[in-house]
Amino acid sequence: MSFVLSPPPPVTVPVAGSPDAFAVRRIYCVGRNYAAHAREMGFDPDREPPFFFCKPADAILAVPTGIVGEFPYPTETTNCHHEIELVVAIGARGREIPVERALEHVWGYAVGLDMTRRDLQIALRDKGRPWELGKAFDHSAPIAPLVPRAEAGAIDEATIWLKVNGAERQRSTVAHLIWSVPETVAYLSRYFELLPGDLIFTGTPEGVGAVVRGDGMVGGIDGLGELHVRVV
């Protein structure tokens, strides 16, 4: 079989300390998964079922270790926000996964950013419309190299933080997730068959805010290293 157009190359994320790469299939994102962030967005942080949105795989901006990635300031916005997140990489197929077995399907973890056109997101939200224009734009998912789960150790209480131009904006711990990593994986697998190559951005803590061209962002999670990105 031949293709009428050449297929695009696969989207990949580097693996820390390895020449190998992780091929990305889908990107799922959890909305408002930290109570304090829900409050700053004007919502009550009760434990209702989690909700999800998606980004296209080619929204990935993979940033290798030791490199400062360049995030192009997106068009059609004057209020682009940073959201530091723990990213979960799926390595084994699963549907209706029990919570107690969810981590068996996790290949590894990474530090990621869910960059958001906040003005567009809020305008769409207030009209009851999908968020794609606010969330799923090009380069909207910067990510550091993946760390295999066995090497990352326990991340359930890891500190997560972000600085902009050296000033701290966000700091919390993964323990403050409303829905934990196993719970999120299990719940999502009730609606989609999870497959190797899927990424789950698990939500951001409080302190989200705007960036402008020239800003330098540095974020990290204990055990997973740091992500360095400059807005251009």
Side-chain angles (χ1 to χ4, degrees), residues 13-18 20-22 24 26-38 45 47 49-50 52 60 62-66 82-114 141-163 168-190 194-208 217-228:
V13 176
V15 175
S18 170
D20 298 330
F22 182 93
V24 178
R26 290 181 180 173
I27 303 174
Y28 301 98
C29 304
V30 188
R32 297 196 295 266
N33 202 19
Y34 284 82
H37 173 59
R47 192 173 157 84
F52 300 85
I60 286 290
V63 182
T65 302
H82 58 75
E83 298 189 9
I84 191 71
E85 308 208 0
L86 168 68
V87 182
V88 175
I90 299 298
R93 178 190 299 260
R95 185 190 294 276
E96 297 187 354
I97 301 167
V99 171
E100 61 271 15
R101 302 198 63 179
L103 291 183
E104 297 174 17
H105 295 262
V106 173
W107 187 89
Y109 305 101
V111 182
L113 281 165
D114 168 19
I143 187 170
L146 282 162
V147 178
R149 180 165 63 93
E151 298 177 16
I155 53 86
D156 52 332
E157 295 187 357
T159 298
I160 178 171
W161 56 271
L162 178 82
K163 295 179 180 180
E168 188 166 278
R169 292 272 189 94
Q170 295 184 263
R171 178 172 290 272
S172 187
T173 72
V174 175
H176 288 152
L177 284 169
I178 297 173
W179 291 85
S180 69
V181 169
E183 289 171 333
T184 297
V185 171
Y187 190 89
L188 184 60
S189 75
R190 292 165 51 186
L194 299 181
L195 294 174
D198 291 342
L199 297 178
I200 304 172
F201 281 62
T202 59
T204 193
E206 68 275 17
V208 300
M217 299 180 287
V218 181
I221 300 174
D222 289 352
L224 303 181
E226 296 182 352
L227 171 63
H228 294 250

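Note that these values count all heavy atoms, side chains included, but never hydrogens, waters or copies made by symmetry. Residue numbers count from 1 along this sequence.
Counting all heavy atoms, side chain and backbone alike, Ala110 lies closest to Leu146 at CB-CD2, 3.6 Å. In plain terms, the two heavy atoms of Pro145 and Thr65 that are nearest each other are CG-OG1, 3.3 Å. Contact between Ser172 and Pro205 at its shortest, heavy atoms only, is CB-CB, 3.5 Å. Residue Pro50 comes nearest to Tyr187 through the heavy atom pair CG-CD2, 3.5 Å, listed as atom of the first residue, atom of the second, then distance. Residues Ala102 and Pro182 come closest through the heavy atom pair CB-O, 3.4 Å.
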Exercise. Take Val87 and Val111 through the test side chain to side chain contact (heavy atoms under 4.5 Å, CB included) and record every step on the way to the result.
Key: CA-CA 6 Å; Val87 182; Val111 182; over 6 Å; no
Quiz item: Would Asp198 and Ile27 satisfy side chain to side chain contact (heavy atoms under 4.5 Å, CB included), going step by step from the backbone distance to the final call?
Solution: CA-CA 6 Å; Asp198 291 342; Ile27 303 174; over 6 Å; no
Quiz prompt | Stepwise side chain to side chain contact (heavy atoms under 4.5 Å, CB included) test for Leu227 and Leu113 | solution = CA-CA 9 Å; Leu227 171 63; Leu113 281 165; 3.9 Å; yes
Self-check item: Audit row: Val88, Phe201, side chain to side chain contact (heavy atoms under 4.5 Å, CB included) steps and yes/no
Solution: CA-CA 7 Å; Val88 175; Phe201 281 62; over 6 Å; no
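Summarising the geometry, atom CG belonging to Leu188 is positioned 8.0 Å from atom CD1 belonging to Ile90; distances are rounded to the nearest 0.5 Å. To the nearest 0.5 Å, atoms CE (Met217) and CD (Glu226) are separated by 14.0 Å. The structure places NZ of Lys163 at 6.0 Å from CD of Glu168, a figure rounded to the nearest 0.5 Å. Atom OG1 in Thr184 sits 5.0 Å away from atom CG in Asn33 (nearest 0.5 Å). Atoms CG and CZ, on Leu195 and Arg95 in that order, are 8.5 Å from each other to the nearest 0.5 Å. Between atom CZ of residue Arg169 and atom CD of residue Glu206 there is a gap of 14.0 Å, rounded to the nearest 0.5 Å.
Listed for the Asp156 side chain is no donor-acceptor partner under 3.5 Å among the backbone atoms of Ala175. Using modelled atom types, one side-chain atom of Glu183 and one backbone atom of Ser180 make a donor-acceptor pair closer than 3.5 Å. With hydrogens and angles disregarded, no donor-acceptor distance shorter than 3.5 Å links the side chain of Thr173 to the backbone of Ala158. Between the side chain of Arg149 and the backbone N or O of Val106 there is at least one donor-acceptor pair closer than 3.5 Å. Not one N or O on the side chain of His228 forms a donor-acceptor pair closer than 3.5 Å with the backbone of Val218. The closest donor-acceptor contact from the side chain of His105 to the backbone of Ile97 lies at 3.5 Å or more, if one exists at all. A donor-acceptor contact shorter than 3.5 Å links the side chain of Ser189 to the backbone of Ala186.
Just one of Glu83, Gln170, Glu85, His82 meets the side-chain hydrogen bond (donor to acceptor under 3.5 Å, both in side chains) condition when paired with Thr204; it is Gln170.
Residue Glu100 places its CD atom among more than 12 non-hydrogen atoms of other residues, nucleotides or ligands, all under 6.0 Å distant. Environment of CZ in Arg171: crowded, with over 12 heavy atoms of neighbouring residues, nucleotides or ligands closer than 6.0 Å.
With contacts defined as side-chain heavy-atom distances shorter than 4.5 Å, the pair Ile143/Leu199 qualifies. Between Asp222 and Ile155, every side-chain heavy-atom pair lies at or beyond the 4.5 Å cut-off. Looking only at side-chain heavy atoms (C-beta outward), Phe52 and Cys29 stay at 4.5 Å or farther from each other. Proximity of Ile221 to Tyr109: side-chain heavy atoms (C-beta onward) are nowhere separated by under 4.5 Å.
Below 30°, between 30° and 60°, or above 60°: for Trp107 and Phe22 the angle between ring planes is between 30° and 60°, a tilted geometry.
Arg32 and Tyr34 are not linked by any side-chain donor-acceptor pair at a separation below 3.5 angstrom, with hydrogens and angles left out of the test.
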